[in-house]
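Heads up, the thing below is written out as structure tokens.
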Amino acid sequence: QVVDTGPILRDMAFSMDHEHLYIMSEKVPVESCSQYETCSECLGSGDPHCGWCVLHNTCTRKERCERSSEPRRFASEMKQCVRLTVHPNNISVSQYNVLVSNDKPCPLSSGVTCPCSVADPGIQQQEVLQTPSPTLMCLFFPPGDHHIVQLQLKSKETGMTFASTSFVFYNCSVHNSCLSCVESPYRCHWCKYRHVCTHDPSSCSFQEGRVKMPEDCPQLLQAEKILVPVEVIKPITLKAKNLPQPQSGQRGYECILNIQGSEQRVPALRFNSSSVQCQNTSYSYEGMEINSLPVELTVVWNGNFNIDNPLPASLRPRVFAVSAVHLYKCGAMRDSCGLCLKADPDFECGWCQGQNQCTLKQHCPAQDSQWLELSSTKGKCTNPKITDINPVTGPREGGTRVTIRGENLGLEFRDIASHVKVAGVECKPLVEGYIPAEQIVCEMGEAKPSQHAGFVEICVAECKPEFMARSSQLYYFMTLTLSDLKPKRGPVSGGTQVTITGNNLNAGSNVIVTFGRQPCLFYRRSTKHIVCNTTASYEGFEKVKVSVRVDKAKIHQELHYEYVEDPTILRIEPEWSIFSGNTPIAVWGTHLDLIQNPQIRAKHGGKEHVNNCEVQNSTEMTCQAPALAVDPNHQSELAERPEEFGFILDNVQSLLILNKTNFTYYPNPIFEVFNPSGILELKPGSPIILKGRNLIPPVAGGNARLNYTVLVGEKPCAVTVSDVQLLCESPNLTGRHKVMARVGGMEFSPGMVYISPDSPLSLPAIVSIAVAGGLLIIFIVAVLIAYKRKSRESDLTLKRLQMQMDNLESRVALECKEAFAELQTDIHELTSDLDGAGIPFLDYRTYTMRVLFPGIEDHPVLRDLEERVEKGLKLFAQLINNKVFLLSFIRTLESQRSFSMRDRGNVASLIMTVLQSKLEYATDVLKQLLADLIDKNLESKNHPKLLLRRTESVAEKMLTNWFTFLLYKFLKECAGEPLFSLFCAIKQQMEKGPIDSITGEARYSLSEDKLIRQQIDYKTLVLSCVNPDNVNSPEIPVKILNCDTITQVKEKILDAIFKNVPCSHRPKAADMDLEWRQASGARMILQDEDITTKIENDWKRLNTLAHYQVPDGSVVALVSKQVTAYNAVNNSTVSRTSASKYENMIRYTGSPDSLRSRTPMITPDLESGVKMWHLVKNHEHGDQKEGDRGSKMVSEIYLTRLLATKGTLQKFVDDLFETIFSTAHRGSALPLAIKYMFDFLDEQADKHNIHDPHVRHTWKSNCLPLRFWVNMIKNPQFVFDIHKNSITDACLSVVAQTFMDSCSTSEHRLGKDSPSNKLLYAKDIPSYKNWVERYYSDIAKMPAISDQDMNAYLAEQSRMHMNEFNTMSALSEIYSYVGKYSEEILGALDQDDQAGKQKLAYKLEQVITLMSIDS
């Protein structure tokens, strides 16, 4: 076996059986004889191992051929190959004897068959006898002139063909003309009188009728063109030879002319064997559009025996003989004298001047007209005429080629050679542009400055009036100017389409534009524009001068064009498409904006497809992938790479083929039809599933997606794609609709979908409904009869109900009227009451402690520490002041699962108290922690808006504390006043109406949950209170409600007396008793509970002023607490007469500061089972009598009071929001901390490429308003020395919620089911949102704060509050976490490179050692 490539290998060895060779340990066969298919190929190969196994018809080794040792069964030399010869090698189909001889006799003892042809089942075969020269009969009728068959010898022993040869059957009778018969390569003869072709000459009727040679055939001779004018009677004589004389019984000759599809037969006369004439006849054809019509002329005899016409080779395939006969009309398309005389002289046409038409001479009346012909001496046409000139404008410099069209413009060039003037300027005619009688092209000379316009004038031959013509059009001389060109630069390879603008640019005939030395190929022009395509610059990158020549005029204008670097393609993405293309491709490169019409191309299988691109900018463009030239019916299931892939960017050749891309085409998606019927039936809402394959291209990386569009009728549907199906959510349609899937450049319809409407009712259902309807009518009739009887009884009841409804209606009207009056009057009273009250601000330490450590009164950081642990703590303080340690410490703690949310807040507050004196360092650490938090948030794929939303990290609590420290001054100077005013306004407004002492519900509320939803009858009393500090001073008037409990009265009196005293410096209501000093001089101690307290059905009602019947204007005094008999007796159960008693009875969940507007649970006294109530019984206890319903209204009617309260407080809410969201309110500057932190968040957003304004807005809102201000609004007791009760807390929560909604960017769609607190401020929130957006925008526009200024500000803040906290105590609290997580913190420090360099782990171990020794 020959090795095609590479050297012949050494070290070859035979296998033991000599069947194989071992080549370098690989086993290969010694021979491959089976590759040779014929005996000559086999023995001609020269392979010594191969020979031809004759009866098996195969090339093989001798030992593999059966009975190869017998003679003539195995051929090893070329001369032993079996060859067949056939005598004769062709026969007519009517013969059947053929002799097959075998020149190398075969062993035929086992029998051989000889089939004529394996292809034709009509062939019979016979067994050949055991002779070397068998004879065979074949019966065969092939179509056409001849048929080639294979004669084969087949062995009966092996069943295989072992020898074959070609053989031809021919059929003379298919020829129907003499020449084709006798020129056939077979033995065919023509019978002249019978007009047939035969293989047997003896079948011809006469000896002289047999034709064997082509020159003996009857045939027409080649004649000159025969011209026949229409409507003229004329014979046609034709030359011929060997024309047969018709025999008796045979018809004579005829001429057949085929004129425009219709046949015209004319009798013909045979003069002799060499001449025939068509008799006198006139011919005609339709229309004047053709002046000469060639027609087919055939000569036949005896009806249909046609005479051969030996044609030129180009016309040979035509069957009928055709002679060159032309019918013509002189007048067709020759309307002028000139056109008439320039016709072919053989036509003998002339111009009949009397009739003004082109005719034959005999058709022109001689007496009254003159007939002009070309040959006559007077053969000149008069009255030349100019019909058109082009162009009609040109430059003065000349050189313009003017084309003049008209009639009778001479018959020879010399007639007009020197007699053409255009606008008075000589115009030299050009021979190459001259069309006799019709057109003159001449070149303009130079015009003088005085010449501006004129007519075209010509003389034909001589300048006599009858031979002169003048145009109706004027020719103008124009001055051409240029003004600009676009574009002004393009690639050095050229191909840019440049538009040059100017005036009169369509003048003249020839334009040449050059850019430097390079031509710009002219494309088109108009009056204002010349468009040309640049060619490549051989000078490289350069700025070249633009030159424009029109004819001989050079236009002078300084225009320049710059050749710049060709575009390049750097990257394309994705590098795949589907066979049909049209998927989007993003392309990056350089100088892409230079290209006007970029295209992308792909060539495959020699076919090229292109598609369009759209340039985005100089470095980017988007393209639609070109299709790949694959046969759609035989699409490959494998990915294909195009032979060439690149871009057509003007003339840039280097990018036509991109070598560096591996662009791959994947098979098109293939969809299956829904089912054989093509209609899919569905129920409404069911998805449509389109099955198929290749729906997701198998791209490496697996993130390939195609953009599918599925239309159901005209409506698109949402599509979900998997490998083998598309799931389409069917649109809201019913009926039959066509489904169409589109992807890339292909679309496919899997069929129709029929979405059945909800099925109409069936007949049984209709019957059932009818029966039920009938029964219902009977039932209604019965009920009506019963109703009639009862109606008299119900009349009285109806009247009673009517009275109750009228009563309810009047009370509702009264309630609404009262609410409206309150809304108008309360706001004025409130603002006047609040004026002049001092603001009880807490000092800095108390304020910070309440925010940092809420609910803890005496925190360790305010206490001194034992001295024995100071040494270790001082060393620990050094570590805390090391940024690497502090960051590692915080990160380690946060990674511990047992480190709770409470611990995170505590550590953040402790660190900030320690770093109070080093705020610059604290700010640096905070920024680092926040940056880490932002990175972590974005890495975890959380939505960016969730950042800083909740306090889940040390950084977030530190940020709150940082603002707490730095905004104290702003609170005192600016924001504190409107916040305190809002608190006071809420408190006063609530107390103007009844407040339930136990449930906390009030008549006036912003919270729906804390609203008394029933009518409470009450009166406002003014009591005169004795001043406890000075008994002799005037009594103090106090507004009280007669429904107030005694504790509520005491608290209102304390508020009035100690109006300007902070809450912590006032006496407590629980420590005082209320004494009623009656006019009679009697004094009575009033209490919430005493022996007079009313008890009904296990409900005990607290005592009120109404219970004691205290009148308006009574004198009361607050005296120190006394122990009464009632108190002493009931000391074990009801001795607690302070407000705190009821707060204990009301079980809340959460810390005392977080009193929410939840419905409290009233706990019965465990021993007696009595439940307490004040104004309303708790909603859970529905044991009111049924009769009480008449005194109640629909509870929702009272919701209007929320609006009244909101209107009253609106000014105070607006003032507070306006103060917080102003950058310069009342002359107070924006705190630096806010600007600094907002700028830091903007920097982080820029760093992470977050440009969504909603995300930036949300970060700022989460950072300051929601983290700091909401806390202050909900908990004013953090800032002021005040007491906040549960109803005030509920109202502040509604304001805080409104504040949060104002800072949000999301739209809240409100409906009747929305919470009332959101509905209450729904109209105000959009304007508040505008305030917030303006506030953030104003801050962003302010100049940035330099680090130097910020550090100076932070240092000043640290100095002002240097010794507020005990740093050692705080460090000790932080150290407790070191003790708890020492191993984890030391491990983290060991892994940190920077910590390792500073030996922080070692220093911490020292601290641990010192602390353990000291403790």
Side-chain angles (χ1 to χ4, degrees), residues 839-856 905 908-909 912 948-951 956-987 1006 1062-1063 1150-1156 1209 1212-1223 1225-1226 1228 1230-1231 1233-1234 1237-1238 1260-1285 1288-1304 1321 1328 1331-1332 1335 1357 1361:
I839 301 175
F841 278 107
L842 293 172
D843 63 87
Y844 181 82
R845 175 190 288 194
T846 312
Y847 153 74
T848 49
M849 289 304 295
R850 287 194 178 183
V851 180
L852 269 63
F853 305 104
I856 304 174
S909 295
M912 287 304 284
L948 307 174
R949 176 66 58 84
R950 295 181 291 276
T951 305
E956 288 165 302
K957 180 64 175 171
M958 278 180 74
L959 180 60
T960 308
N961 298 343
W962 188 77
F963 276 125
T964 303
F965 287 169
L966 298 179
L967 296 188
Y968 178 69
K969 183 167 179 275
F970 182 70
L971 270 172
K972 278 198 82 166
E973 293 177 0
C974 199
E977 183 188 335
L979 178 59
F980 185 68
S981 296
L982 175 65
F983 168 75
C984 292
I986 290 173
K987 187 171 187 297
L1006 288 177
C1063 181
S1151 65
D1153 283 323
S1154 62
L1155 296 177
R1156 290 288 172 271
L1209 300 175
F1212 301 97
V1213 176
D1214 285 353
D1215 277 359
L1216 176 63
F1217 284 17
E1218 190 182 350
T1219 306
I1220 292 173
F1221 295 131
S1222 297
T1223 50
H1225 188 68
R1226 298 174 189 165
S1228 175
L1230 179 82
I1234 296 175
M1237 188 50 66
F1238 280 17
K1260 291 172 186 176
S1261 297
N1262 293 350
C1263 156
L1264 175 67
L1266 273 57
R1267 185 156 294 288
F1268 175 76
W1269 286 118
V1270 167
N1271 201 11
M1272 296 303 135
I1273 293 170
K1274 289 169 84 165
N1275 300 298
Q1277 76 274 17
F1278 287 0
V1279 187
F1280 311 113
D1281 190 349
I1282 53 175
H1283 171 70
K1284 180 183 72 171
N1285 57 17
T1288 313
D1289 178 79
C1291 294
L1292 287 169
S1293 293
V1294 173
V1295 176
Q1297 180 62 50
T1298 304
F1299 186 86
M1300 290 164 74
D1301 291 342
S1302 304
C1303 295
S1304 167
Y1321 282 94
Y1328 293 155
W1331 292 3
V1332 177
Y1335 177 60
Q1357 292 295 316
H1361 307 293

Self-check item: Atom pair SG (C1291) and NZ (K1274), whose distance is rounded to the nearest 0.5 Å
Solution: 13.5 Å

Quiz item: With side chains defined as the heavy atoms from C-beta onward, is the minimum distance between F1280 and C1063 less than 4.5 Å?
Solution: no

Quiz item: Under 4.5 Å between any side-chain heavy atoms of L1006 and V1295, yes or no?
Solution: yes

Self-check item: Inter-residue atom distance N1271.CG - L1266.CG, 0.5 Å rounding
Solution: 11.0 Å

Quiz item: Would a distance-only check, ignoring hydrogens and angles, find a side-chain to backbone donor-acceptor pair under 3.5 Å from N1275 to F1278?
Solution: no

Quiz prompt | Least distance between heavy atoms, P978 atom then T1219 atom | solution = CG-OG1, 3.5 Å

Quiz item: Where the side chain of T960 meets the backbone of E956, is there a donor-acceptor pair that is under 3.5 Å apart?
Solution: yes

Quiz item: Got a donor-acceptor contact below 3.5 angstrom from the R850 side chain to the Q1277 backbone?
Solution: yes

Quiz item: Tell me, do Y1328 and D1214 make a side-chain contact under 4.5 Å, heavy atoms counted?
Solution: yes

Quiz item: Considering only heavy atoms from C-beta outward, does the side chain of N1262 approach that of R1267 to under 4.5 Å?
Solution: no

Quiz prompt | Contact check, side chains of F965 and L852, non-hydrogen atoms, under 4.5 Å | solution = yes

Self-check item: Student check: side-chain heavy atoms of F970 and I1234 closer than 4.5 Å
Solution: no

Quiz prompt | side chain to side chain contact (heavy atoms under 4.5 Å, CB included) evaluation trace for C1263 with F963 | solution = CA-CA 9 Å; C1263 156; F963 276 125; 3.6 Å; yes

Self-check item: Heavy-atom closest pair, residues G976 and F841
Solution: CA-CZ, 3.8 Å

Quiz prompt | Donor-acceptor contact present, side-chain T1288 to main-chain K1284, <3.5 Å | solution = no

Self-check item: L1209 CG to S981 OG distance, which is reported to the nearest 0.5 Å
Solution: 12.0 Å

Quiz prompt | Residue list, salt bridge (charged side-chain N to carboxylate O under 4.0 Å, His left out) with D1281, at least two apart or on another chain | solution = none

Quiz item: Looking only at side chains, do D1301 and T1298 share a donor and an acceptor under 3.5 Å apart?
Solution: no

Self-check item: Residue pair Y968, Q1357: steps toward the side chain to side chain contact (heavy atoms under 4.5 Å, CB included) verdict
Solution: CA-CA 10 Å; Y968 178 69; Q1357 292 295 316; over 6 Å; no

Quiz item: When rounded to the nearest 0.5 angstrom, what distance separates OH in Y844 from NZ in K972?
Solution: 12.0 Å

Practice problem: Identify the heavy atoms of F983 and P1276 that sit nearest to each other, and give their distance. | Solution: CD1-CG, 3.9 Å

Exercise. Nearest 0.5 Å please: distance from the CG atom of L1230 over to the OG atom of S1222.
Key: 10.0 Å

Exercise. Please examine the side chains of L967 and L1264, heavy atoms only from C-beta on, and report whether any two atoms are closer than 4.5 Å.
Key: yes

Quiz item: Quick check: does any side chain N or O of T846 sit under 3.5 Å from a backbone N or O of L842, one acting as donor and the other as acceptor?
Solution: no

Self-check item: Sequence-distant partners of F1299, side chain to side chain contact (heavy atoms under 4.5 Å, CB included), two or more places apart
Solution: F1217, I1220, F1221, P1265, W1269, V1270, I1273, C1303

Exercise. With rounding to the nearest 0.5 Å, note down the distance linking CE in M1272 to CG in L979.
Key: 9.0 Å

Quiz prompt | Minimum side-chain heavy-atom gap V1213-Y1321 below 4.5 Å | solution = yes

